[in-house]
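Presented below is the structure to which this report refers.
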Amino acid sequence: MATILALETSCDETAVAIVKNRKVLSNIVASQIAIHQPYGGVVPEIASRHHLEAINHCIDRALNVAKIDWSDIDGIGATCAPGLVGALLVGATAAKTLAMVRNKPFLGIHHLEGHIYASYLCKPQLQPPFLCLLVSGGHTSLIHVKAHGQYKTLGKTRDDAVGEAYDKVARLLNLGYPGGPAIDKLAQTGNSQAFPLPEGKISLPEGGYHPYDFSFSGLKTAVQRLVRKLEQKTAPLPIADIAASFQETVAKSLTRKTITCALDHNLNTITLGGGVAANSRLRILLQNSTEKNHLRLCFPSLEFCTDNAAMIACAAVEHLNRGYSSPLNMEVQSRLNIADIA
Ligand code: KG4
Ligand code: ZN
């Protein structure tokens, strides 16, 4: 039974959590959304500076809420890749310093491994093998989790990540940043059949389409064209119908490819991870399709879909329980394939 304090600062949330095995003792998230909103996206320099200002307070709060002290902590984890380098550096440096000062093992964690582990927080008995649909602001992948620490990417986006597409479409509709939650909410009041939009497909040289790879940039361009066309003849713009039509196309594409991939690889459990896993329509379509195909579906509760440190701590627990820790000279990296983690 390991208790880990972990830090997550890869983007715009300063997050600290304490997890005992798969039980969350505290989960502190200081969001910078309001700070970046006027810029329409995350400004890396501003993100790093705010992580620096918030991190010590978040660590104190995590210990207070968990009602434990340093002697109860077995290891200190931090996201080391991928993400904004300046932002990652704040969390990783704080974690390494604490590990040194408190004489605890340090555990450098891959951000996507954290998103995969978020499902264990809600279903502690979950065991590999399973297929994880990982959908965030920077990634869209179908990952075969073969065993703990063994990952194979079976499908991925060839252009925009799905969260990125949500954020770009939200900007077109003047819905602000981040776009995902705003589109999700608005879509629930719109007609998803109002505008037929193209689902992105990846052609194969031998003919046909890639069964599991995704593409979202064509869909984003189609929404852009639709908005321009409607602006010339309709006022006000039917933004709820556009949002619902976009969301339906995305959720259908993700669901269809995920189910095909699971069936083709004989994987009877599907998990979801990443910020877009919070999407209401995606959750409904996946729930319906997994039931129809007699597959198990496991998704994290909403607070563990978007960036948080509990998922990082949960992955770190697994590493420590297996006798692994990271060297204190481990570097942060803006990009790192999940299959390449040691
Ligand atoms: O995992 P995450 O918090 O950060 C990254 O690792 O990227 O994901 C953030 C992304 C953003 O693009 C945001 O718009 C999207 O997740 N998102 C959603 C929803 N909530 C957050 N997208 C669709 N529907 C939502 N309910
Ligand atoms: Zn994330």
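Order of appearance sets the numbers: ligands from 1, and atoms from 1 within every ligand.
Side-chain atoms of Ser253 do not come within 3.5 Å of backbone N or O of Thr249 as any donor-acceptor pair. Ser48 places a side-chain N or O within 3.5 Å of a backbone atom of Pro44 that can act as its donor or acceptor partner.
The distance from ligand 1 to the heavy atoms of Gly163 drops below 4.0 Å at these ligand atoms: 12 (O). The Gly137 neighbourhood of ligand 1 comprises atoms 5 (C), 7 (O), 8 (O), 9 (C), 10 (C), 12 (O), with distances under 4.0 Å to a heavy atom of that residue. Contact atoms of ligand 1 toward His115: 1 (O), 6 (O) (distance under 4.0 Å to a heavy atom of the residue). Under a 4.0 Å criterion applied to the non-hydrogen atoms of Asp167, ligand 1 contributes the atoms 11 (C), 12 (O), 13 (C), 14 (O). The distance from ligand 1 to the heavy atoms of Gly138 drops below 4.0 Å at these ligand atoms: 7 (O).
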Check step by step if side-chain hydrogen bond (donor to acceptor under 3.5 Å, both in side chains) holds for Glu303 and Asn308. CA-CA 8 Å; Glu303 63 180 325; Asn308 66 89; over 6 Å; no
May I have the step-by-step check of side-chain hydrogen bond (donor to acceptor under 3.5 Å, both in side chains) for Ser280 and Asp184, ending in yes or no? CA-CA 7 Å; Ser280 61; Asp184 194 1; 2.6 Å; yes
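Taking the six-membered ring where tryptophan is involved, the planes of Tyr324 and His319 are perpendicular, since the angle between them exceeds 60° and thus also 30°. Relative ring orientation between Phe214 and Phe216 is described as parallel, the plane-to-plane angle staying below 30° on a 0-90° scale split at 30° and 60°.
Shortest distance from the Zn ion (ligand 2) to Asp307 is reached at OD1 (N/O/S atoms only).
By the 4.0 Å N-to-carboxylate-O rule, Glu53 lies too far from Arg49 to be salt-bridged with it. Salt-bridge check for Glu318 with Arg322: passed, with a basic side-chain N closer than 4.0 Å to an acidic carboxylate O.
Looking at Asn279 next to ligand 1, an N or O pair under 3.5 Å apart turns up.
Phe246 and Tyr166 have their aromatic ring centers within a separation under 6.0 angstrom. Remark: aromatic rings of Tyr212 and His265 are close, center separation under 6.0 Å.
At a threshold of 2.8 Å, the Zn ion (ligand 2) has a backbone or side-chain N, O or S atom of His111 nearer than that distance. The Zn ion (ligand 2) has an N, O or S atom of His115 inside 2.8 Å of it.
The nearest heavy-atom contact from the protein to atom 15 (C) of ligand 1 is Val276 CG2, 3.9 Å. Among protein heavy atoms, the minimum distance from atom 21 (C) of ligand 1 is reached at Gly275 O, 3.4 Å. Looking at atom 18 (C) of ligand 1, its nearest protein heavy atom turns out to be Gly180 CA, 3.4 Å. Among all protein heavy atoms, the one lying closest to atom 2 (P) of ligand 1 is Asp307 OD1, 3.3 Å. Distance from atom 26 (N) of ligand 1 to its nearest protein heavy atom, with residue and atom name: Asp184 OD2, 3.0 Å.
Contact annotation: Cys11 has no heavy atom less than 4.0 Å from any atom of ligand 1. Residue contacts with ligand 1 include His111, since one or more of its heavy atoms lies under 4.0 Å from the ligand.
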